[in-house]
Amino acid sequence: MARWRSAFALHREAKGFTQEGLARELGVDRVTVGRWDRLENPPDPFIQPRLAAVLEVTSAELIQLLHPAQKRPSALAVPQKARRSGDDVVQRIQGAALAFQETDRRLGGGVLLPSVELYLSQEIAPYLLDAHGGGAVAEIFSAAASMTEIAGWMTHDSGQNSRARAYFERAFRLAVAAENNALAGNVCASMSHLALELRQHTDALRIATTGITKTSQADGTLRLTARLHTMRARALALTGENQACAQSLDTAESLLDRAASEKPADWIANFDEASLASEAAQCFLDLAEYAEAEQRAAAAIRLRSGDRVRSRAFGQLTMANILIGAGRLDEAASFGNEVCKVTSSLSSTRVLDQLNDLGRTLASARSVPEVAHFLATLGALSHVSDAQEGQTATWPV
């Protein structure tokens with residue numbers, strides 16, 4: 001019986017590398033390359049750009065080789081230097097974006113950020129300066145805007161908010177240059193989220209409102225408009241405007257119901273019931289309406305199963321904070337322990353930031369056994385944060 005060979009192993013051999021030869025070229029053990037061949041452990045982020053160069057593939061193509069279940073339209077058989085049509089370029093970037101996003105949801109932004117930044121500089125930037133783009137120029141600018149926004153989210157997830165803000169602002173300007181109102185609205189949702197993280201409530205509200213104006217001029221944006229209304233709700237909750245917050249959440253829910261049969265616009269992030277439940281839980285937590293917040297958080301956790309590890313972790317952290325507000329510290333610590341279990345496989349500084357915030361909040365209750373166990377587990381985790389970055393600059397909206 002023929003032995004199964006992964007796409008990565010076949011491509012390595014096609015490039016003339018034995019396991020020993022590739023290991024020697026990269027300065028790693030042969031056993032490590034064997035694990036890559038068997039798709040057991042992905043290469044460390046710092047080595048991925050070198051590995052892609054040695055195997056003569058792009059960063060996105062390397063991800064597709066290492067994660068065959070996430071295959072998307074690609075062109076591994078096309079010579080790297082070959083000239084491609086605008087449509088082909090856009091399809092390749094779409095495939096790369098999907099592959100990056102799917103892996104990011106499972107592993108966190110820190111794993112793929114170097115590869116995404118390399119992809120932006122080597123695979124996308126040259127096309128933005130290509131004088132022969134023809135009718136596909138707008139599409140290429142939209143593709144570049146979307147990949148730049150992805151880099152912003154990965155950078156934000158890595159705890160680098162100043163860089164994330166710069167990426168989002170660049171993505172917004174690219175979307176405007178492409179005259180793509182749907183994508184510009186999508187980036188507004190991302191910028192509004194970051195403004196909320198930076199406690200810039202007024203900016204978050206203004207940016208979300210601008211995004212809604214943009215989406216009203218584009219088709220296939222019901223889910224996106226719902227997302228923008230939840231950003232408005234979050235900002236309103238932080239300023240204590242209960243009724244206006246509830247109205248924005250109701251609008252978002254109504255839009256999401258109507259979006260069931262709609263074909264979404266290209267490049268738009270998905271926004272579903274779990275996303276709405278997660279944002280609503282945060283709203284009601286900020287309004288100190290703990291019973292309603294707990295119900296929404298439970299729904300978000302239940303709906304975020306499978307490979308949505310990071311989203312589920314954020315839902316559990318929100319639930320922990322809700323339970324603290326309700327005075328149930330032992331249950332809150334139990335949710336914190338659940339999140340601690342996944343941090344070793346999840347490269348997300350944001351998750352670690354929120355875990356540390358939870359630890360500081362519970363520190364005075366270490367006499368509770370569940371809290372003491374959580375604090376001990378948390379103490380073994382590393383933590384890096386620059387969450388205050390990016391607070392003083394002016395937004396482009």
Side-chain angles (χ1 to χ4, degrees), residues 105 108-109 153 156-157 159 189-190 192-199 201 204 226-227 229-240 242 245-246 248-249 252-253 256 271-306 308-343 346 348-363 365 370-371 374 377-378 381 383 385 387:
R105 282 194 289 266
W153 273 102
H156 172 46
D157 199 40
S190 296
S192 183
H193 167 88
L194 182 58
L196 287 167
E197 295 279 305
L198 297 173
R199 314 302 288 181
H201 315 150
R227 179 186 173 198
H229 276 286
T230 65
M231 293 298 100
R232 279 181 50 84
R234 288 281 310 279
L236 292 165
L238 287 168
T239 55
N242 301 47
C245 172
S248 289
L249 288 176
E253 186 172 358
L256 202 55
F271 186 81
D272 55 17
E273 291 182 9
S275 304
L276 177 58
S278 178
E279 299 294 353
Q282 189 62 56
C283 287
F284 289 115
L285 170 60
D286 291 333
L287 293 170
E289 297 182 15
Y290 299 121
E292 183 69 23
E294 182 177 354
Q295 181 180 345
R296 301 299 184 103
I301 294 169
R302 183 180 69 253
L303 293 168
R304 282 295 183 241
S305 58
R308 301 300 295 270
V309 179
R310 182 179 53 198
S311 294
R312 184 177 176 83
F314 283 129
Q316 291 169 319
L317 286 163
T318 299
M319 179 65 87
N321 285 304
I322 293 166
L323 293 170
I324 289 172
R328 293 148 61 186
L329 305 186
D330 54 339
E331 295 177 61
S334 295
F335 275 100
N337 274 317
E338 288 299 311
V339 178
C340 286
K341 292 176 183 178
V342 303
T343 55
L346 187 62
S348 173
T349 299
R350 281 198 299 152
V351 169
L352 286 173
D353 281 348
Q354 292 192 25
L355 270 173
N356 276 271
D357 287 343
L358 182 62
R360 283 188 286 270
T361 302
L362 289 172
E370 292 85 355
V371 172
F374 165 62
T377 305
L378 179 61
L381 301 178
H383 172 64
S385 174

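All heavy atoms count here, side chains included; hydrogens, waters and symmetry mates do not. Index from 1, following the sequence. Since this is a predicted model, take the numbers as computed values, not measurements.
With contacts defined as side-chain heavy-atom distances shorter than 4.5 Å, the pair Leu329/Glu370 does not qualify. Side-chain atoms of Val371 and Asp330, non-hydrogen and from C-beta on, never get closer than 4.5 Å to each other. When side chains are defined from C-beta on, Thr230 counts as touching Leu276, because their heavy atoms get closer than 4.5 Å.
How far CG of Leu378 is from SG of Cys340: 5.5 Å, rounded to the nearest 0.5 Å. Taking OG of Ser278 as the start and CE of Met319 as the end, the distance is 11.0 Å to the nearest 0.5 Å. The distance from the CE atom of Met231 to the CG atom of Leu236 is 11.5 Å, given to the nearest 0.5 Å. To the nearest 0.5 Å, the span separating CG on Leu256 from OG on Ser275 amounts to 8.5 Å. A distance of 5.5 Å separates CG of Leu249 from CZ of Phe284, quoted to the nearest 0.5 Å. Of the inter-residue distances, the one linking His229 atom NE2 with Ser248 atom OG reads 6.5 Å to the nearest 0.5 angstrom.
Between Ala313 and Val339, the shortest heavy-atom contact is O-CG2, 3.8 Å. Heavy-atom minimum distance, Cys283 versus Ala237: O-CB, 3.7 Å. Ala235 and Ala204 get closest at one heavy-atom pair: CB-CB, 4.3 Å. The shortest non-hydrogen separation linking Ala299 to Ala277 is CB-CB, 4.1 Å.
Checked by atom type and distance alone, the side chain of Ser311 never pairs as donor or acceptor with a backbone atom of Arg308 at under 3.5 Å.
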Quiz item: Yes or no on side chain to side chain contact (heavy atoms under 4.5 Å, CB included) for Leu355 and Phe374, after CA distance, side-chain angles and deciding distance?
Solution: CA-CA 10 Å; Leu355 270 173; Phe374 165 62; 3.9 Å; yes
Practice problem: Could you give me the CA-CA distance, side-chain angles and deciding distance for Glu197 and Ser192, then say whether side chain to side chain contact (heavy atoms under 4.5 Å, CB included) is met? | Solution: CA-CA 9 Å; Glu197 295 279 305; Ser192 183; over 6 Å; no
Practice problem: Starting from the C-alpha separation in whole Å, work towards a yes-or-no answer on salt bridge (Lys or Arg N to Asp or Glu O under 4.0 Å) for Arg328 and Glu294. | Solution: CA-CA 12 Å; Arg328 293 148 61 186; Glu294 182 177 354; 2.9 Å; yes
Quiz item: Run the side chain to side chain contact (heavy atoms under 4.5 Å, CB included) check on Arg199 and Leu238 step by step: do they pass?
Solution: CA-CA 9 Å; Arg199 314 302 288 181; Leu238 287 168; 3.6 Å; yes
Exercise. Any chance you could lay out the side chain to side chain contact (heavy atoms under 4.5 Å, CB included) test for Leu358 and Leu317, step after step, and finish with the verdict?
Key: CA-CA 8 Å; Leu358 182 62; Leu317 286 163; 4.2 Å; yes
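The pair Arg350-Asp353 does not count as a salt bridge, with every side-chain nitrogen at least 4.0 angstrom from each carboxylate oxygen.
Remark: His156 engages Trp153, His193 in a ring-ring contact (aromatic ring centres under 6.0 Å, His included) (not counting sequence neighbours).
Test Ile322, Leu323, Thr318 against Phe335 for side-chain contact (heavy atoms from CB on, under 4.5 Å) and you get one pass: Leu323.
For the salt bridge (Lys or Arg N to Asp or Glu O under 4.0 Å) condition, the pairs that include at least one residue of residues 272-282, sequence neighbours left out, are Arg234-Glu279, Asp272-Arg304.
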